[in-house]
Amino acid sequence: MPTELPKAYEPKDAQQKWLTFWEERGYFHAQPDKSKKPYTIVIPPPNVTGALHMGHALNNTLQDVLIRWRRMQGYNALWMPGTDHAGIATQSVVERLVFSQEKKTRHEIGRDELVKRIWDWKDKYETRILGQLRELGASCDWKRTRFTLDPVCARAVRETFFRMFRDGYIYRGKRLVNWDAHLQTSVADDETYTEDTKGGFWTFKYAVDGEPDTFISFSTTRPETMLGDSALCVHPSDERYKHLIGKTVTQPHTGRKIPIIADGILADPTLGTGCVKVTPAHDPNDYACWQRHPEIAIINILNPDGTINENGGEYKGLDRYKAREAVTKKMEELGLFGGKEDRVIPLKFSDRSKTPIEPYLSDQWFVKMADRDDGKPGLAQMTMDAVTDGRVKFFPERYARSYLDWLAEKRDWCISRQLWWGHRIPVWSKPLHALDVTRGSYWPQGIAGDETRFAMRETLDDNGNGLALCCVGPDAEDLEQVLQAQGFVQDPDVLDTWFSSALWPHSTLGWPGPALPEERGDRAAPNWDTMRAFYPTGTLVTSRDIISLWVARMVLTGLYNVNEIPFTDVFIHPQLQDAFGERMSKSTGNGIDPLDIVERYGADSLRYQMVSIAGDTQDSRMPVSNVCPFCDTLVPIKQEHLRGRTKRLKCPGDKTKGITCGKEFRPGGPWTSDDPEVPTAKQASERFDQGRNFANKLWNATRFLLMNLEGYAPGEVKLDALPTEDKWLLSRLATTTKVVTAALEGYKFSDVSRLVYDFVWSEFCDWYIEMSKGRLKDAAARPTAQRVLAGVLDGILRLVHPVMPFVSESLWEALGEAAPERGLPLPAKAEEAACIAKWPSYPESWISPEVEARFARMQDLVRGVREVRNRYQVDDKTKLDVSVKCIESVAADFNTLSAFIAPLAGIANFTAGPNTAKPKPNGSVVRPEFEAYVALAGYIDEAAEAKRLEKQIAEKQKALAGVKSKLSNEKFVSSAPPEVVQQQRDALADIEKQIATLEENLRDMRG
RNA sequence: GGGCGUUUAACUCAGCGGUUAGAGUGCCUCCCUUACAAGGAGGAAGUCGGGGGUUCGAAUCCCUCAACGCCCACCA
């Protein structure tokens, strides 16, 4: 009859079993259901570039805890999973792969072929990533899995772009981009890195027009950009140059007359000569200066391949570095060269080609963030308002500031990327002069009257010629064909990845409707029903580095498209760092592979630790070790191992275990590649011991119960009739349940794990189970003990489930076999799975501080006896007499329980009740906390014991003095809250009593 | 440069105005007691980063200095 569990928890079997079980039962699938309150989370879609790392484990564990908890609470809980196409990251990974395998660039294989290769890559890695997510126990609604390039998402992108274009929020403009002249593409800021590089610092001078012998000097690190100079700039209050402001100089290479302007932001009188050349098309600062001084020219001197274009006059066609020499030489010849200084300068490089970045002016698409001309709030303002008026709340609150500060700049959002992988910009263009304007319309023929599906605009191209732009909405392939037939050409660029990510909460839920046919096998297509049922979502869980890139933009598009916020709460979790406080990243090579942890410690342990880490600090450190593949020793990672500096590690062995290994292996991690000669280490961290041990503790507590459930009969448990330790346990259970629920509501994840752990381990296992052992042998007491044990364990498994779903599900099953009906105070049939069990709550009336205080007295007693016993190494043969004169109520409570208190304290002889051991025998020790007499005749070191007592008395007296001074202080008594004053009075009485007992005992000790 | 955070035991972190500052790991002693050695019992270990202030009372609030880190901007 009693179910026998294996001795230790084996995570692997459980993980496999329950993943299948949960999915087969369809517990994670949510359908619109008006009878339940919805709770939705959309996953921050991982990039399809590669493997999951620890940050994903953290992020997704927290979401799973929330979604499982809400599901148990009876919400219609939907966790929408998916992945992100991650434009540049994915394209560059595949480009590199193609190049390493076939030595072909993307231009050589062509757009269609490259995109096809990326799709192949994506299919492979999407499967892998989603599989990894499943292994963590993520209870996503897998049938709704989305990818940001799915037709559903594409429709949303098209619709959004179309509306923004039509409403004038999207415009075409120039912007300086990071240009990779080698790959001939622009790269995002985060795809560049800065490195100190040997360079030069040249000083030149230009002659001021109409002022003989007047020169003005400036310095530069890039002389070739002189070809694109369109001004010299000085500080408006710089006395050296004041008189020259407004005059012109002649740029010697091009012969252009360029003005000397004043700009207090660009020019710093304390730097260099105080005068700076202005090259708006090739320097970000100069570009900003040009925006403030639109009257000066903006001259692009580069071709996409990094050679000088026709604006460079005679230097046309030269590579930029050759041009640099030539330009400098010419200045020397003209006597305008003022010297060169070798200097180490920080230079931006492209991460992908490792070549220097050129700031390059190009046409880009933008979303206008500024306030509108009609005075209504613009997109940025609207997005800010949602947070300032509290519709969207940040947890922790301080992060609202990052969001608001960034939006307050109202900088336009550049949404075009010169890539092939992504949502193509849905705009077709044709030069105006090629259009038949005689009909009085620029519109393409044959589509007039379809203005709900397209929008037209005019703009200027690079050369200042008119260009007709036509933006086409979704579901309008016919229009696209008409346009193409008439010579309109689609913009080659794709949209910023964040543009589709920004729509994620509503695009995945069915906006813009109407329903689409199922476009991918068994995946459920969203529609207006899902949109209505699950939007807005409940909580967004993410990390702070994408508050502006992603969070803000989701709010923006939610408000713009749906007129409704995308989520009510944003929880920002800490960022993981390594043992040295550095952020985990691929380039640092200090990441942890979560699957290594799952393998070694179990998914529950990983999850437990992730939850423990998620407090409200912004960083959390995670020291990690490599596990020697030969001897299983944990070798902590050191700083010098990072950044790929250590390719191989030598195992130092483990002296404490007498292991001298000395073999070599390759450090592990999510981003390592294989070393053909030595094995790659798995990773581990002692931090995960706690979770693994906790799972095992739960396992064995259940195991204990199952071994003692014979004859179990469900029945009502009447609180009033219960012994004190039961009342205590139920009080603790009710309290724990209440505070855990509150912690979840407030996103205090680390509190959740700590509270549950402490309750289970220190209270349920260490005390209650120990105390129950005696009762389980007593026929009269056994039934109640069984009911309480089963009922409390039932509650524990529910509380644990969101954090540790696998072990709790296993134990739920085992408990279900032995005690299918259980519960407090009344038994009920248990649900078929912990996964769908009801989240517990217990009557407030169970919580009794008074009972808890009485129990604490007993604990003090037992601990005191154990301490003495331990100090003198009392073995069974030694006589150890204990008598107790606890506070009367406590004594009365536990009188009947001496049978278990004695073994608990590990003592042979135990009498409870009023003290009868007077006079105390020589060598007795008094524990003042509980007034217990422990006698070890002849065994005590009296001098040492006296000294100990003196020390204790001194400590107590110090405490007493503190309390006394407080209570004698009128201000304290009058101004502190009454309960605090009372607390102090109680403390005073307590301490005085303790001191009296100690002193009495000290006298005895000295004979 | 702007913003934010951290500094408490050897390590990783709780505590955030009120008796003698806690946990896990590690360390020391004892115990393989039929739930659990991934365990049990006990112990040692901290001028709460430095300095100043507010308060009857400060690890906790304020100021300041220092170190470390993260985000954003920037570096002719």
Side-chain angles (χ1 to χ4, degrees), chain A residues 5 7-9 194 201 218-222 225 233 266-268 271-273 275-279 283-286 345-346 398-399 401-402 405-406 409 544-545 547-548 574-575 577 579-583 601 612-613 615-623 636 685-687 689-690 692-708 750-751 754 757-758 762 765-766 769-770 773 862-863 866-871 873 875 903-906 952 955-956 958-960 962-963 965-977 979-981 983-984 986-988 990-991:
Chain A
L5 289 176
K7 215 168 169 180
Y9 173 53
T194 305
F201 190 70
F218 57 89
S219 302
T220 179
T221 56
R222 293 184 298 154
T225 61
C233 177
L266 184 67
D268 181 344
L271 281 179
T273 64
C275 173
V276 57
K277 67 196 254 329
V278 187
T279 321
D283 183 279
N285 293 309
D286 296 1
I345 47 175
R398 72 182 115 92
Y399 291 113
R401 187 166 179 166
S402 307
D405 283 357
W406 182 80
E409 293 178 31
R544 68 183 187 287
D545 49 337
I547 288 174
S548 48
Q575 219 157 55
Q577 299 179 339
F580 320 105
E582 275 201 79
R583 193 188 160 179
Y601 300 91
S612 310
I613 264 176
D616 72 353
T617 53
Q618 57 179 23
D619 308 307
S620 192
R621 292 190 184 193
M622 174 73 67
S685 170
E686 285 168 357
R687 296 287 293 278
D689 285 346
Q690 193 177 8
R692 183 194 52 178
N693 295 354
F694 185 41
N696 195 50
K697 191 71 176 176
L698 283 162
W699 182 266
N700 277 292
T702 307
R703 193 163 163 260
F704 166 80
L705 177 55
L706 295 181
M707 293 168 99
N708 286 285
S750 55
D751 287 355
R754 187 175 41 78
Y757 180 96
D758 286 347
S762 316
C765 292
D766 285 354
I769 286 189
E770 291 308 321
K773 283 176 180 171
V862 170
R863 280 197 266 254
R866 283 168 176 171
E867 185 189 330
V868 171
R869 190 173 166 273
N870 228 299
R871 192 182 314 139
Q873 300 296 313
D875 58 35
L904 208 54
Q952 281 180 21
E955 275 174 16
K956 295 285 170 194
K958 214 168 115 192
L960 185 69
V963 177
S965 85
K966 269 180 202 173
L967 283 169
S968 63
N969 186 314
E970 262 180 52
K971 279 193 185 166
F972 169 68
V973 177
S974 58
S975 63
E979 65 271 20
V980 173
V981 177
Q983 210 179 11
Q984 295 294 312
D986 295 347
L988 181 76
D990 246 31
I991 300 170

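Sequence lines set the chain letters: A, B, ... in the order given, protein chains first and strands last, and positions in each chain run from 1. Remember, predicted model here, so these are calculated numbers, not experimental data.
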Annotated protein contacts, base or backbone, on nucleotides 14-25 of chain B with a non-hydrogen cut-off under 4.0 Å, one of B, S, - each
S---BBB---SS
Result for 5'-nearest mapping on RNA chain B, choosing between A:Asp766 and A:Arg401, is A:Arg401
Can you give me the N/O atom pairs linking the protein to nucleotides 27-33 of chain B at distances under 3.5 Å, or say none if there are none?
none

May I ask you to say what A:Lys697 touches in the nucleic acid, namely base, sugar-phosphate or nothing, with a heavy-atom cut-off under 4.0 Å?
base
For atom C1', what is the distance between B:rA73 and B:rC63, given to the nearest Å?
28 Å
All salt bridge (Lys or Arg N to Asp or Glu O under 4.0 Å) counterparts of A:Arg866, not counting sequence neighbours
none
With a 4.5 Å limit on heavy-atom distance, are the side chains of A:Phe704 and A:Ile769 in contact?
yes
Just jot down the salt bridge (Lys or Arg N to Asp or Glu O under 4.0 Å) partners of A:Asp545, sequence neighbours excluded, or say none.
A:Arg583
Please state how far atom CZ in A:Arg621 lies from atom C1' in B:rU6, giving the value in whole angstrom units.
8 Å
Under the 3.5 Å rule, do the base of B:rA35 and the side chain of A:Glu770 count as making a donor-acceptor pair?
yes
In what stems does RNA chain B take part, counting only runs of at least 3 consecutive Watson-Crick or G-U pairs whose two distances fall under 3.5 Å?
B:1-7 with B:66-72, B:10-13 with B:22-25, B:27-31 with B:39-43, B:49-53 with B:61-65
To the side chain of A:Asn696, which of B:rC13, B:rG5, B:rA38 is closest?
B:rA38
Reckon A:Tyr9 touches a base, only the sugar-phosphate, or nothing at all at heavy-atom distances under 4.0 Å?
base
Of the candidate nucleotides B:rC70, B:rA41, B:rA38, which contains the atom at the shortest distance from the side chain of A:Gln575?
B:rC70
Contacts of A:Arg754 meeting side chain to side chain donor-acceptor pair (under 3.5 Å) (sequence neighbours excluded), chain-then-number -> A:Asp751
Greater than 12 external heavy atoms within 6.0 Å of A:Glu970's CD
no
